[in-house]
Each structure stands twice: as structure tokens, then as C-alpha cells.
Amino acid sequence: MLWASNPAWSRHVHSDRNDADPHALKFFPGIALCDSGPSRWMRQRQDLALAPLARDLLAMESVAEVLITRDYVSVRKDEDGDWASLKILILSRIADFVEFGWPALTPEADQDSDIGAQPRDTAEREILDVLDAYVRPAVARDGGDVRLHDYDAASRTVRIELLGACSGCPSARITLKQRIERILTEHLAFVQHVEEFLVPAPDRLGEQRRRLQGMAASGGTSQPPTRFAFNGKAVAGPGG
């Protein structure tokens with residue numbers, strides 16, 4: 001466990017490693033970050049302005065995905081990233097948001113959260129109730145979450161999207177079939193199967209190409225350097 005370097009908030013913001021997935025870490029700010037359910041953010045999203053905290057974290061080199069929940073932030077890094085230096089920057093930035101009262105999500109992002117959206121029918125409402133009561137608290141301990149994508153009554157199949165640490169956990173599909181499917185089928189007679197809903201993988205080559213084009217257009221740097229405070233001193237962020 002690593003405590004934040006910001007003196008004012010060192011008692012509040014801390015991180016906790018995820019033994020199931022070495023590429024994901026949970027960060028606990030000690031305050032509520034949003035009013036709605038969790039939201040997932042990646043670099044290729046065009047609406048990052050709606051999530052100032054995710055935008056700043058994704059600007060850091062090696063940060064690949066950010067999951068913002070009410071009580072914690074789950075950050076996934078690239079395979080070649082180094083937690084030793086990266087988590088200090090992440091903790092410091094989260095501490096800045098806490099100290100200055102900056103919103104992690106804008107009101108528009110909170111309203112658009114599909115986790116908190118109303119289910120389309122009674123079946124989905126009952127599925128969400130079971131997920132909230134029995135599944136989400138368990139996966140949250142590992143820095144993950146789940147999202148109900150849809151329910152197909154004809155095949156009696158629930159499709160679930162795995163978020164945060166769950167989305168890259170090697171045993172995620174085992175968890176989905178042996179735990180989530182078992183829980184849903186035991187509590188809901190109309191559910192027979194549970195499948196993972198897979199979000200299309202990011203276009204890594206396209207993303208790299210856009211970055212290189214941006215660097216060329218700006219004379220060698222794709223964005224102004226971001227600076228973070230660490231023990232009262234400025235620490236250069238990406239490009240700094």
C-alpha cells in the first residue's frame with residue numbers, strides 16, 4: 001500500500017495492488033467521486049472533457065484505462081509501464097482533485113452514466129438488483145466492476161461487460177461463468193446463460209499514428225507538458 005505524497009491528503013488517498021491483475025491498481029481518495037455508477041475511460045474516447053480526472057490520468061505515459069467509481073479509481077497500465085514511478089504521479093494528481101475540490105466527472109458525464117441508467121424492462125431491473133447485491137461488491141475488491149449490456153429473453157442470455165481490473169484479468173472468463181452465471185441463475189429462474197460482451201479493442205496502431213501526426217504538426221510535442229506536485233516540488237508529466 002502506498003500513501004499519497006501530498007501532505008494535506010496523505011492520510012486519505014492511497015493505493016492497493018490487485019493480486020489477480022498486476023497491470024491494474026485501485027486508488028482510494030477517501031471521498032465520493034461521483035453520484036452515479038462507474039464509468040470507463042480510454043484514450044480513444046472523444047468525450048474525455050466530461051471526465052477531467054480520467055483525462056489527466058490518461059495523459060500520463062503508460063496509463064491505458066481509467067475506471068471511476070463512487071469510492072475509488074481503478075487504473076490499468078500498459079504492459080511495459082512501471083508502477084514504481086507511475087503510481088506516485090497518479091496519487092499526486094488524485095490528491096490535487098481532492099484538495100482543490102475539482103470534479104472527477106462533469107454533471108453531464110454523471111447523467112450519462114449507463115450504469116445508473118434505468119433498465120428497459122422488469123427482467124433487466126431484477127438482473128441489476130442481483131448484480132448490485134451479490135456481484136459488484138465482490139469484483140470491486142479487485143478493482144473491477146460489471147455492466148449489464150442486455151438481456152435476450154429468447155435465449156435467456158445475459159450479456160455482461162467486465163470493467164476495470166476485471167476486463168484484463170486472466171481468470172475473468174472463469175469468474176464470469178463459474179461465479180456470475182451461477183449467482184444469476186440461482187436467483188433468477190428466467191436466466192440460463194451469461195456471456196461476456198466484448199468492447200472492440202482500441203486501434204493501437206491508429207492511436208500511435210495520430211500521436212505521431214500531432215507531434216509533427218506541433219513541432220515535436222503532441223501536447224503541453226503537464227506538471228504534478230510531489231513533496232512540494234514540480235514533477236514533469238508526459239512530455240515534460
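The basis for the numbers below is simple: all heavy atoms, side chains too, and nothing from hydrogens, waters or symmetry mates.
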_Candidate pair E195 and V158, rule side chain to side chain contact (heavy atoms under 4.5 Å, CB included), full reasoning_ = CA-CA 6 Å; E195 297 178 354; V158 176; over 6 Å; no
*Could you walk me through whether L188 and I127 pass side chain to side chain contact (heavy atoms under 4.5 Å, CB included), step by step?*
CA-CA 8 Å; L188 303 171; I127 293 169; 3.7 Å; yes
*Go through the steps to decide whether L162 and I160 satisfy the test side chain to side chain contact (heavy atoms under 4.5 Å, CB included), and finish with yes or no.*
CA-CA 6 Å; L162 302 176; I160 299 289; 4.2 Å; yes
*Which is it for D96 and I94 under the side chain to side chain contact (heavy atoms under 4.5 Å, CB included) test, yes or no, and what are the steps along the way?*
CA-CA 5 Å; D96 285 343; I94 294 175; over 6 Å; no
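For the atom pair H23 NE2 and D80 CG, the distance stands at 9.5 Å (nearest 0.5 Å). In this structure, R147 CZ and S39 OG are separated by 8.0 Å, a value rounded to the nearest 0.5 Å. Of the inter-residue distances, the one linking L184 atom CG with L148 atom CG reads 9.0 Å to the nearest 0.5 angstrom. Note that CG of D78 and CD of E65 are 11.0 Å apart. Values are rounded to the nearest 0.5 Å. With values rounded to the nearest 0.5 angstrom, L50 atom CG is found 8.5 Å from L48 atom CG. Note: W41 CH2 to L53 CG = 11.0 Å, rounded to the nearest 0.5 Å.
Within the 4.5 Å cutoff, the side chain of V63 has no heavy atoms near those of the K77 side chain. Side-chain contact between T106 and P52: present, with at least one pair of heavy atoms (C-beta onward) separated by less than 4.5 Å. Counting only heavy atoms from C-beta outward, the side chains of V66 and I68 approach each other to under 4.5 Å.
T185 pairs by the side chain to side chain contact (heavy atoms under 4.5 Å, CB included) definition with E181, V191, not counting sequence neighbours. Qualifying salt bridge (charged side-chain N to carboxylate O under 4.0 Å, His left out) partners for E186, counting only residues two or more places apart in sequence or in other chains: R182. Applying the side-chain hydrogen bond (donor to acceptor under 3.5 Å, both in side chains) test to D47 and every residue at least two apart in sequence or in another chain returns R45. When the side-chain hydrogen bond (donor to acceptor under 3.5 Å, both in side chains) test is applied to T157, the partners found at least two apart in sequence or on another chain are S155. H193 meets the ring-ring contact (aromatic ring centres under 6.0 Å, His included) test with no other residue; sequence neighbours excluded. Remark: T122 engages no residue in a side-chain hydrogen bond (donor to acceptor under 3.5 Å, both in side chains) (not counting sequence neighbours). Qualifying side-chain hydrogen bond (donor to acceptor under 3.5 Å, both in side chains) partners for H149, counting only residues two or more places apart in sequence or in other chains: R159. Here Y134 pairs with V130, I183, H187 under the side chain to side chain contact (heavy atoms under 4.5 Å, CB included) rule; sequence neighbours left out. Annotation: side chain to side chain contact (heavy atoms under 4.5 Å, CB included) contacts of D129 (sequence neighbours excluded): R125. In this structure, D71 has no salt bridge (charged side-chain N to carboxylate O under 4.0 Å, His left out) partners at least two apart in sequence or on a different chain. Residues satisfying the side chain to side chain contact (heavy atoms under 4.5 Å, CB included) test with D82, not counting sequence neighbours, are A84, S85.
Using the six-membered ring where Trp is involved, Y151 and F190 have ring planes that are perpendicular, over 60° apart on the 30 and 60° scheme.
Within the structure, ring pair (Phe, Tyr, Trp, His ring centres under 6.0 Å) pairs that include any residue of residues 78-99 comprise F97-W102 (at least two apart or interchain).
The two residues L33 and A104 come nearest to each other via the heavy atoms O-CB, 3.9 Å. Contact between S62 and G81 at its shortest, heavy atoms only, is OG-CA, 3.5 Å. Q44 and Q46 get closest at one heavy-atom pair: O-NE2, 3.1 Å. In terms of heavy atoms, V146 sits closest to V135 at CG2-CG1, 4.0 Å.
Without hydrogens or angle criteria, R43 side chain to L58 main chain gives a donor-acceptor distance under 3.5 Å.
At most 12 non-hydrogen atoms from other residues, nucleotides or ligands lie less than 6.0 angstrom from CZ of R179.
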